[in-house]
Each structure stands twice: as structure tokens, then as C-alpha cells.
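Lettering follows sequence order; numbering is per chain, from 1.
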Amino acid sequence: MKLIPVKEHQAPAFLEGLNPEQTEAVITTNGPVLIIAGAGSGKTRVLTYRIAYLLSKGINPYSILALTFTNKAAGEMKNRIASMVGESIARKVWAGTFHSVFARILRIEAESLGFTNSFSIYDTDDSLSVIRAIMNSLGISIQQFTPQSIRSRISNAKNQMIGWQQYEADAQEIYEKQTALVYKEYDKRLKINNAMDFDDILLNMIKVLQLNPNIKAIYQKKFSFIMVDEYQDTNRAQYLAIQLLAGGHKNICVVGDDAQSIYRWRGADIRNILEFKKDYPDAVTVRLEQNYRSTKTILAAADSVISHNKKQLSKALWTDNPQGDLITVISNRDDRDESDSIMRIIKEEVDLHFTSEKDFAILYRTNAQSLTLEDSLRRAGIAYTIIGGTSFYKRKEIKDTLAYLRLLCNPKDSESLARVINEPPRGIGPTSVKRLQAYAQSMSIDLFAAFEQANIAPDIPKKAIKSALDFTDMVKEFRSKMNDLPADELATLFIEATGLLQSLKDDNSDESLDRWNNIQRLLSHITEMKEKDEAMTLEDYLQYIALISDIDETEFGNNRISLMTLHAAKGLEFPIVFIAGMEKGLFPLGKAEFDQDEEEEERRLFYVGITRAEKKLYLSFAEKRYRFGELVFSEPSKFINEINPDLLEWKAGGLKIPAQQYASTSLKNTNQYRPAHSTFTKNTSPKPFFDDLASSSSDSYSQIEPDAPIMIKSGMNVKHNQFGIGKVQMVSGEGEKKQAVVVFDSVGKKQLLLKYAKLEIV
DNA sequence: TGGCCGAACCTGGTG
DNA sequence: GGTTCGGCCA
């Protein structure tokens, strides 16, 4: 690979705004480069300038590969490149998530692995239902081994590049042995369905490169400059794929920050960044330590938090930015109160200081927290967008519609066929479907082909045969039109023809109407995408949708406040940030109490959250909160106390509801605590204080009386009605949240909430 | 065979 | 709180 000669030895004018380290990171384009980039140190800027710099040297945009973790980060990068070099060049750069870029390549190379180029991509839910079906057919108890845990075991294995053969060979305990059985069958079924799950996209990319030296050579030559963002979060498979692609020229630039490593649970291997120097001994290391994003206060808070982690590389982040406001901690009675407090602050800011809605972000630990927040936002009349929330795509009607479209593109996708065959009901019941599945298996054909042969398959009722044949004829008719009709028209006509829309219309309930509307939204989204990109096929659209989690991308930043999980917030920044649910057991999550590594990861996640804020940071917690539809009492998170108290100010949320007596909580700074609004009522009753509240929230909180804790101690032998006999290893938590770690003879180690587990002492 | 109802699970996060 | 799954009945 020969570089196009540099025309002049002077740097382009756009480099002038960079500091010396950033400049070095931008112009060191040949050979391996490791950029250690602290939070807010202009990492995205460096990456985009680097690409712009390469382009300014005459490098072909198609030969630049930039890999990110989230769609959001990829989109951000593309936008910035576009604003520097123009849309037409920017879109030629291969910038995207690992999954989207690799899926794009696999579409081209699928045949070398025995897939067709219209393979389906299964999301977590799809793969879960395949696993469920497999467990049922293998007679593995769904009660004893939850499909979720089997799925995550398989996924973890894949992320560490362990195939079913090896997994089977290594399986020791019963859980692993059962997983091995499912894993083997799962692999087989996906292959038959011409489908890949998210993990397969990485693994198959590696397979293609490893098995076909000529294909490897093509892509090594094609991508002559490779950049990887968030390198600290790559797993073994991603690491290997990068190494294969960069193997020839070694023009590889990785950017990362060990303090922001938050995907250990998903197989991220911190060694990848720590040992980069070992993999590429001549690598140049650049450290970006000046923070341009946050105030001194916010940076100091982040620093005092992360210093509680034992395992970390030393880093000296500093900033020239002003000191800024104190960090405000808001205490609230409950989750609803918390949401309302946040809304009130946002409204005040918007009304009094003319702040724009797009300047706010609300971050939380778990997706479930968004519900209460959304409710408050709607009542307050504030426009919002949930980033990365999958709610739209998780809707049944959307999944059904997409399954129909997948079936249209990928005839072998038996999973999708089974999903939609009775949506709307067609008189082909589960029994008939099972028989056809058995028939398909015995004849080694896919389910769609079995449907086509329903008349010769055994024991299928006449009515079902007719329905099956009508259905396959209808699908085939549309398949024959695939090349003649534009993607959006094809999709609309096909979905009409399936009767899905009509059945919702006929039902005529509010809910059905809502569903009907959602399907229309999806269909018009296809049209929208088609208008943007004339060449888009239905397969392209399905792939895009499978790998993206947010349909309303255009609404992002369009004068709406943003809601997202802390994980999804990585790489983003906002002037004003709220971190909600700062409670023990929620953030850090309960599991971290037992596990030092887990706690450190949660702390890094908090670090990520804090450093998203530019000007002002709010932390809020609730004394009680609905979780699993039940009210749970909680204490403030220990993380709050890890921030230097000089950086904090305390406020009480809650407007209508009188504040409770806080002295009983474990908070140290009660003297600094000021109720934000006049009525501060002392209340020593352990029961919440409800007076003459008009607020509708009150009745839902009326009966709260935690059960007496069960006297379970470590060392005891106990019996669980599902898992059988086990030994208590550890007990922790109080009252409702009291939990135990029990090692069961049958399924190994389990963490149980005593309130639910109903353990018997034996 | 298909529809309805109650029980059981859930919620740790990303693509 | 919502969703999914299995059992029971028409």
C-alpha cells in the first residue's frame, strides 16, 4: 500500500485549533497509534480531524474504516466529517458500528460461509424465542434453566470465540452441559434459517477472513486506514477482527480510556487496550489529558469518584474551564416525586434562563426507570426523545411487521414464518405448525417449503392446508415482484396483503388503532429512508433496522430533552445533565455489593455519567421506588458520598408532598439539606406521610409494610421449590432487599431475594 | 383447534 | 407494571 505523496509539508489550516497532543494524534497516520483519551478531551474531534486530514491528503474515502460502538457515536462522527468535507465525500467513508460495517461486508461475502446474501439478523428477542423453542423440543426445563441465562451463556461463549464444539467439550456442571446441548442446536437452526444473531456477525466476519486468504487480502488492501473508537470496550472477537483487517499495513489507530470501560459484562477485555503495545511494539502513544467539556467542579467530582477504584491507570485530566456551579443533589420521596422535581428544574431553566430543551439529558441506570420519567415529561408538556430505547421495535406489531418483511426477503427464515403465521389468525394452529415443523425437519427442508407441501404432509386438516397454500402463494407472488417494485411500495402492499392491518382496523379498540398507527409509522419510515437513498432495497432496510435501536434519530437534538441509560450516554455531552436513581441497589446495582470488579465497573459508569455534563450536574435519588411493580425502600447511593462534599449542595425535591424527616437516613450532610419548597413537615412515623393530597400518586403508595425478614444465615442448608437443596454462602441487605447467595446442588450459585425465594431451612 | 384467563416472570446494559 | 406462557374450556 503506497501513500499518495503529501503535497506540501505544511498542515492544513483546520488543524490550527488543536493542541499539540491532538495534532500529533491527527497527523500520525502511518503505523499503529494508541490514543489514550480522557473524558471530554476532544476525542471525537481528533478522530474526525484525522479522517479529514487523510482525505485532504487525497486518500480515497472508501479506504478509511472507522469503527464505533454505538450508532449514536457513528452518526455523530459522520455528521462532523460531513460538515468538514461535505456530505458526498463523508458518506463514502466506512464509518459505523462493528455490527453494521461487518454486516454490510457479510452481505457481500455471505456465500462463502453457506449463507445467502439475504440472511436475517436476529435480535436478542428473536434468539431468545429460538432458544425457548429448542429447549422445549429437547425437553430441557424452562423453569430450572431460564432461556435468558442459557442465551447469555451462549452469547458470552461466542464473544470469547468459543464454539459449541469446544463448549461441549469443556462443559462440567449440569448448567453448562445443558447449555452445550442448546448451543449446538441453536447454531444449527440459525444456519438453516439463513440467520445470524449479533454475536454471529462478529464471528462470521472473522471466519470469512480466516478461511479465505484471498478475501482477507482484498479487505486488508481496501481498508488501508483503520480507526477504532472505545477500544477499551472491544471483546475478543472484535479484537481479532480488527487484527485481521489491519494485519497487512498496520495503519491502525485505536482510541480509548480505561476509566470508561463499562462493557466487561458483555465480554469487553481490558487487556486489548492495555496490551496494544505488545501487539504492535512500534506503536506511538498519544495522551489527551486536557478536558474541554466540563467545569472544574464537575471534573473534580469525577476525579474524586474514580480515585476510589483500585484498578486504574493514572491519569491527569485538567481543564481551563471555569469553576462552575456546585453539583446539586436532590432527595425525593419516591420515583414519581423525583421525576417531577427534574421536570420542575427543567421548566424553570427553560422559562427563566431561556435554556433550550436540547441542552438537557436525563441519565439512568436501567431502562425501566424511563417509564416514570416519560410520564412526568408528558404531563409537564416537555418534548423528549429516548435515545437507544428499543421500545418502538419491541412492540409486538412492529416485530410482526418486520418478521413478515424478513420472510419476504429470506425464504428460509422459519423463525419469522412461525412468528407471523397466525397474526392475524389463519386457522393454522400450533398443532399444525408443529407437525409442519416436524415434516420440514424430516425432509430437511425449511418451514416455508413445508407449508408449500402442506397437502402431502401428514395429519394436516383440510382447512389448514388451504390456508397454508394461500399464504405461500401470496408470499411468492410478492417475492416475484421484488425486483420490480421499490422497497417502500413493496413493503406497504405486502403488509396490506397479509391482512395484519385489516385485522387491527376491524378490532377497532384504542389499542389496535395505536398498533395500526405504529405499523403505518414503520411503513412511512421505509419511504423516508428510500427517499434519502434511492438504491435502498428492503434487505438494506431490514439490516439497518436490525442494527439500530432508535427510529427517531432525526428528532434527536431537535429541541427535545434526551433520555437514555448511562451506557447509551457514553461519547455524548450535554450542558445540563441529571443522573436519576442514585440509590443503593439501583446504582450501583445490587450485584456489585458482592463483587469488587463489578463495583469498580459501576463506578466507571458513574464516572462516564458525570463527565457527560458540561456546565451543571444534578444527582437525584428517591427514598422509595417502584421496582417489579412493588414498592422498594432504598438508601442514597454510596457513590454520592464518594464525591468531595465541598462540591455538593443538597436540595429536597417534591412540591405537593411534604418532605419527610431525613435525619433517619444515612446521609451525612443533613445540615446542608434545605427543603426547596415551604412545607417541611416533621414526621417520625415509619409510614409515609400522606395528608390531604389531591395528587393521584398517593393511592398507589398506600399499603407498604415490608414483610418480616426471614431468618436465613450463611452456612445454613436450605430448600428452594425450584432449585432444590443448597447451602447459603452469604446474606446481605435489609428488610425487603435482604438477599442471599446460595449454592445449589442442581444449578450452582444463585442470588436470591429472600422476600420472593421462600427458602425453607432444612 | 383456538381463545381466554390467571400465574409467573421480569429489569443490567449494547448491537 | 407489563408481558408471556401454560392450562382449561367451548
**Request:** Name the closest nucleotide to the A:H567 side chain, picking from B:dG12, B:dT1, B:dG13.
**Result:** B:dG13
**Request:** Scan A:E602 against the nucleic acid and name what it touches under 4.0 Å (heavy atoms): base, sugar-phosphate only, or nothing.
**Result:** base
**Fill in**
Between CG of A:L589 and C1' of B:dC10 the distance, given in whole Å, is 14 Å
**Asked** What does A:E230 touch in the nucleic acid at a heavy-atom separation under 4.0 angstrom: a base, only the sugar-phosphate, or nothing?
**Response** nothing
**Item:** Nearest-neighbour nucleotide for the A:S432 side chain, B:dG13, C:dT4, B:dT1 considered
**Value:** B:dT1
**Asked** What about A:D199: does its side chain form a donor-acceptor pair under 3.5 Å with the base of B:dG15?
**Response** yes
**Message:** Within the 4.0 Å heavy-atom criterion, would you say A:R435 contacts the bases, only the backbone, or no part of the nucleic acid?
**Reply:** sugar-phosphate
**Request:** Answer yes or no: side-chain N or O of A:T124 and base N or O of B:dG15 forming a donor-acceptor pair under 3.5 Å.
**Result:** yes
**Message:** If you define the side chain from C-beta out and look only at heavy atoms, does anything of A:R151 sit under 4.5 Å from A:R132?
**Reply:** no
**Request:** Look at all strands and tell whether A:L67 reaches a base, only sugar-phosphate, or nothing, counting heavy atoms closer than 4.0 Å.
**Result:** nothing
**Request:** Select base, sugar-phosphate, or nothing to describe what A:F98 touches, counting heavy atoms under 4.0 Å on all strands.
**Result:** nothing
**Prompt:** Taking OH from A:Y122 and P from B:dT14, how many angstroms apart are they, rounded to a whole number?
**Reply:** 23 Å
**Asked** Counting side-chain heavy atoms from CB outward, which of B:dG12, B:dT1, B:dT14 is closest to A:A568?
**Response** B:dT14
**Request:** Taking all non-hydrogen atoms of both residues into account, name the closest pair between A:L547 and A:A103 and its distance.
**Result:** CD1-CB, 3.7 Å
**Request:** Figure out the CD/P separation between A:Q369 and C:dG2, and round it to whole Å.
**Result:** 17 Å
**Prompt:** Does any N or O donor sit under 3.5 Å from an N or O acceptor when you compare the side chain of A:E601 with the base of B:dG12?
**Reply:** no
**Message:** Heavy atoms only, 4.0 Å cut-off, all strands: where does A:R365 land among base, sugar-phosphate and nothing?
**Reply:** base
**Message:** Using only atom types and a distance under 3.5 Å, with no angle test, would you say the side chain of A:S467 pairs donor to acceptor with the backbone of A:R426?
**Reply:** yes
**Nearest-Å distance for atom pair CD/P, residues A:Q148 and B:dT14** = 16 Å
**Prompt:** Side-chain donor or acceptor of A:R266 under 3.5 Å from a matching atom on the base of B:dT14?
**Reply:** yes
**Side chain A:W265 and base B:dG12 donor-acceptor under 3.5 Å** = no
